[in-house]
Amino acid sequence: RKEVEQDPGPFNVPEGATVAFNCTYSNSASQSFFWYRQDCRKEPKLLMSVYSSGNEDGRFTAQLNRASQYISLLIRDSKLSDSATYLCVVGHGGSQGNLIFGKGTKLSVKP
Amino acid sequence: EADIYQTPRYLVIGTGKKITLECSQTMGHDKMYWYQQDPGMELHLIHYSYGVNSTEKGDLSSESTVSRIRTEHFPLTLESARPSHTSQYLCASRGPGRGLVTGELFFGEGSRLTVL
């Protein structure tokens, strides 16, 4: 079983749709959680960190469920520009530990 | 924007040549990483460093080598390039964490290598 698992998609949605991505992780000692966004043929960039209490940034909401060891990302009112691959990233070992990347979920928003 | 730079951005080279991919960051980060990524595929960690004179191999075996003589510089070298080395190589550095929470990872724009 991989340490971080994501549904690879692709998710094909119309503009304005709400879409949710889930990610599960296997290491219960994990302490750091992130969503990164990677556009086609570009480098990954941090979209948002995920906090225990859940957090929101505009149309994006991230939630963490430690008991079930999963992280979610909700995108409301999808835009064409949201089309990208969304990477779930989990860290353990404290600030010295490494980050583990999921394979990513591809989102395609259509007009 | 992150201050991490990779050169060259694109390189097409013949089999057997030695190549060095450069990576520099001006953020003073101790931790630096090299990832390999084929088009449409996942990232694979091939090397990392926690500071000067510290280098470790990552999860994916790679014939490349790295060095860390200065904090800001983390070059990757292939002694004899082969077509199987064709890929995108992404360098990253990580900011300081807080307590148990690790810092953000900043990526360079990548070096796209094609070996003929």
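Below, read A as the first sequence line, B as the second, and so on, with proteins coming before strands; counting in each chain starts at 1. Because the structure is a prediction, the values reported are computed rather than measured.
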Heavy-atom distance under 4.5 Å to chain A: side chain of Leu43(B), backbone, both or neither?
side chain
Would you give the length of the straight line joining atom OG of Ser26(A) to atom CD1 of Ile100(A), rounded to the nearest 0.5 angstrom?
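Ser26(A) atom OG to Ile100(A) atom CD1 measures 9.0 Å (nearest 0.5 Å).
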Interatomic distance, Ser24(B) atom OG to His73(B) atom NE2 [nearest 0.5 angstrom]:
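Going from OG on Ser24(B) over to NE2 on His73(B), the span is 4.0 Å.
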With a 4.5 Å cut-off on side-chain heavy-atom distances among I, L, V, M, F, W and Y, is there a chain of contacts connecting Leu60(B) to Leu76(B)?
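Yes; tracing contacts between hydrophobic side chains, which count when under 4.5 Å, links both residues.
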With a strict 4.5 Å heavy-atom criterion, list every residue of residues 63-70 of chain B that contacts chain A, or say none.
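Not one residue of residues 63-70 of chain B has a heavy atom under 4.5 Å from chain A.
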Under 4.5 Å, heavy atom to heavy atom, which residues of residues 101-111 of chain A contact chain B?
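Expected list: Phe101(A), Lys103(A).
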Residue pair Tyr51(A), Phe33(A): steps toward the ring pair (Phe, Tyr, Trp, His ring centres under 6.0 Å) verdict
CA-CA 7 Å; Tyr51(A) 303 119; Phe33(A) 309 93; over 10 Å; no
Quick one: are the ring centres of Phe74(B) and Tyr33(B) less than 6.0 Å apart?
no
I'd like to know whether OH of Tyr70(A) has more than 12 heavy-atom contacts from other residues, nucleotides or ligands below 6.0 angstrom.
no
Heavy atoms from other residues, nucleotides or ligands near CD of Gln63(A) exceed 12 (cutoff 6.0 Å)
no
Charged N-O contact under 4.0 Å between [X] and [Y]:
{"X": "Asp77(A)", "Y": "Lys79(A)", "value": "yes"}
{"X": "Glu104(B)", "Y": "Lys45(A)", "value": "no"}
{"X": "Arg59(A)", "Y": "Asp82(A)", "value": "yes"}

Checking heavy atoms, do the side chain of Leu87(A), its backbone, both or neither come under 4.5 Å from chain B?
side chain
